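Quick notes on the structure that follows.
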Amino acid sequence: MSTMWQGCLPHTDYFEMRSSGGHDYGVWVTTPPGYDPAAAQAPVVYVLDGNWAVGMTAPLIVTQLDPMQSIQPYIQVSVGYAGEEAEHWSRLRNRDLVPPGEPIAQEYIDAVEMGIETGTMTREQADAYLAELSDSRGDMFLNFLTDDLHPRIERDYGTAPSGHGLFGYSYGGLFSLYAWLTKSTFFESIGAGSPGIVNADSQVFARLQAMGDTLPATKLHVTFNDRELLGDLAVYQNLAKNAATFLHRLTSRSGSVTSALMHETHVTGLQASFLSYLRTCRAQ
């Protein structure tokens, strides 16, 4: 990284990597202060939407030194997009973070159309944005994290063999629920912030029903925002209501599930949600 970025994100390395599926990603690796894998290895916390999230979440690695509520040591690996694709991260995430076969809610389409009306999107951008949702491949991206990227992180940074975490927000939160329901044994804890369950027919409900009464042993922490639920945007109202419905369907089953309500909007809630995940699932 450049000297400027090193000053903003200390102890952070950056590299780019191609997945076995042929997609390129940018990866930021932030190590704990004074990290020495020869003395004590740390597990990894994978954070999604790296192009947006790394600046708000990577600095919180100092919580590992907080004398009032310290967090267990972890290495943060933020995953986003590289080169010219970095400019289009908000579109490409639809391909990678949404479970395959996820239905597109009309409220979501309406929100995109509103973006055209307000001038925040062109018709071309909106069409490309929705096109990624028609062939979403969250399964391939999950395989990239666990099968392609993690072996390199393990090799280059001397990580612990277990105790790994995953955090995603919005569609990243939907991906986190998908990972919890499909390949959760890799992660010890998963944080799903304001998960993008926009449609009541979401894949996560079908997968949850198929699991029966026994939930994964992996810790799950779900957050959503009061201003999503109480605001006047249907897409966020549905997201919050469906997240609450998902949580209600877990109450009668055995599992390690926690939740919290943030006093934020959908846009401002990412950092608060990540910190809630750290405090709840990774406290020292």
Side-chain angles (χ1 to χ4, degrees), residues 44-50 52-53 56-57 60 74 76-79 93-94 96-100 102 105 108 136 138-139 141-142 145-146 164-200 202-209 211 215-229 235-251 253 255-262 264-282:
V44 180
V45 172
Y46 288 93
V47 175
L48 309 177
D49 285 318
W52 175 40
M56 290 184 280
T57 58
L60 292 176
Y74 67 90
Q76 178 166 327
V77 177
S78 309
V79 185
R93 70 194 292 270
N94 294 350
D96 289 333
L97 302 182
V98 176
E102 183 75 359
Y108 195 87
S136 52
D139 52 343
F141 186 68
L142 181 56
L145 292 181
T146 59
H164 308 304
L166 171 70
F167 174 81
Y169 188 82
S170 191
Y171 266 161
L174 177 64
F175 177 87
S176 293
L177 294 183
Y178 171 73
W180 184 69
L181 292 164
T182 57
K183 203 171 185 178
S184 59
T185 54
F186 180 85
F187 302 105
E188 182 183 81
S189 65
I190 289 178
S194 287
I197 316 173
V198 182
N199 199 310
S202 172
Q203 288 286 314
V204 297
F205 290 119
R207 289 180 177 273
L208 180 61
Q209 183 175 5
M211 294 188 74
L215 299 178
T218 299
K219 300 174 188 174
L220 174 66
H221 185 63
V222 180
T223 65
F224 54 101
N225 300 297
D226 57 359
R227 295 182 67 181
E228 295 166 338
L229 189 61
V235 63
Y236 293 143
Q237 289 177 344
N238 282 7
L239 179 152
K241 287 189 292 186
N242 289 332
T245 298
F246 184 86
L247 286 169
H248 287 317
R249 294 185 183 180
L250 302 180
T251 55
R253 312 183 192 197
S256 180
V257 180
T258 53
S259 61
L261 182 65
M262 305 286 101
E264 302 288 345
T265 70
H266 190 72
V267 173
T268 64
L270 184 149
Q271 189 179 63
S273 180
F274 181 63
L275 188 55
S276 180
Y277 159 70
L278 291 180
R279 287 171 169 164
T280 305
C281 295
R282 311 194 68 87

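As the structure is a computational prediction, the values presented were derived from the model and not from experiment.
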Heavy-atom side-chain contact between L174 and V198 under 4.5 Å
no

Step by step, work out the ring-ring contact (aromatic ring centres under 6.0 Å, His included) result for H266 and F224.
CA-CA 8 Å; H266 190 72; F224 54 101; over 10 Å; no

Can you check whether F175 reaches L166 side chain to side chain, under 4.5 Å on heavy atoms?
yes

Rounded to the nearest 0.5 angstrom, the CG-CG distance for D96 and L142 is 11.0 Å

Tell me, do Y74 and R282 make a side-chain contact under 4.5 Å, heavy atoms counted?
yes

What heavy-atom pair brings T146 and F187 nearest, and what distance separates the two atoms?
CG2-CZ, 4.3 Å

Donor-acceptor contact present, side-chain E102 to main-chain Q203, <3.5 Å:
yes

Angle class for the W180/F246 ring planes (parallel below 30°, perpendicular above 60°, tilted otherwise)?
perpendicular

Treating S273 as the side-chain partner and G269 as the backbone partner, does any N or O pair qualify as donor plus acceptor under 3.5 Å?
no

Locate the shortest heavy-atom distance separating G172 from R93; write the atom from each residue and the value.
N-NH2, 3.6 Å

Closest approach of G138 to P100 (non-hydrogen atoms, all atoms of both residues)
N-CD, 4.0 Å

Derivation and outcome, ring-ring contact (aromatic ring centres under 6.0 Å, His included), residues H164 and Y46
CA-CA 8 Å; H164 308 304; Y46 288 93; 7.2 Å; no

What I'd like to find out is whether the side chain of L97 reaches to under 4.5 Å of the side chain of Y178, using heavy atoms alone.
no

Do you know the tightest heavy-atom contact between L208 and L215?
CD1-CD2, 3.8 Å

With side chains defined as the heavy atoms from C-beta onward, is the minimum distance between L48 and L145 less than 4.5 Å?
yes

One should read off an interatomic distance between N238 CG and L229 CG, to the nearest 0.5 angstrom, of 10.5 Å

Tell me the closest heavy-atom pair linking A53 and L270, and the distance in Å.
CB-CD1, 4.0 Å

Pairwise distance SG(C281) to CG(L220) - rounded to 0.5 angstrom:
7.5 Å

Rounded to the nearest 0.5 Å, what separates atom CZ in R279 from atom OG1 in T258?
13.5 Å

Using only atom types and a distance under 3.5 Å, with no angle test, would you say the side chain of T268 pairs donor to acceptor with the backbone of E264?
no

Does NZ or CZ of R249 come closer than 6.0 Å to the centre of the six-membered ring of F205, within 45° of the ring's axis?
yes

Any non-hydrogen side-chain atom of V45 less than 4.5 Å from a side-chain atom of T57?
no

Please check if the side chain of T245 supplies one atom and the backbone of K241 the other of a donor-acceptor pair under 3.5 Å.
yes

Closest non-hydrogen atom pair between A192 and L177, with its separation:
CB-CD2, 3.8 Å

Under 3.5 Å, is there a donor-acceptor pair linking the side chains of S189 and H221?
no

Are the side chains of S194 and M262 in touch, meaning some heavy atoms are under 4.5 Å apart?
no

Side chains of L60 and Q271, heavy atoms from C-beta outward: is any pair under 4.5 Å?
yes

Looking at OG1 of T223 and CG of L261, how far apart are the two atoms once the value is rounded to the nearest 0.5 Å?
9.0 Å

With rounding to the nearest 0.5 Å, note down the distance linking CD in E228 to OG1 in T265.
7.5 Å

With a 3.5 Å distance limit and no angle check, can you tell me whether S176 reaches the backbone of G191 through a side-chain donor-acceptor pair?
yes

With side chain to side chain contact (heavy atoms under 4.5 Å, CB included) as the test, would you mind laying out the steps for Q76 and F274 before giving the verdict?
CA-CA 12 Å; Q76 178 166 327; F274 181 63; 3.7 Å; yes

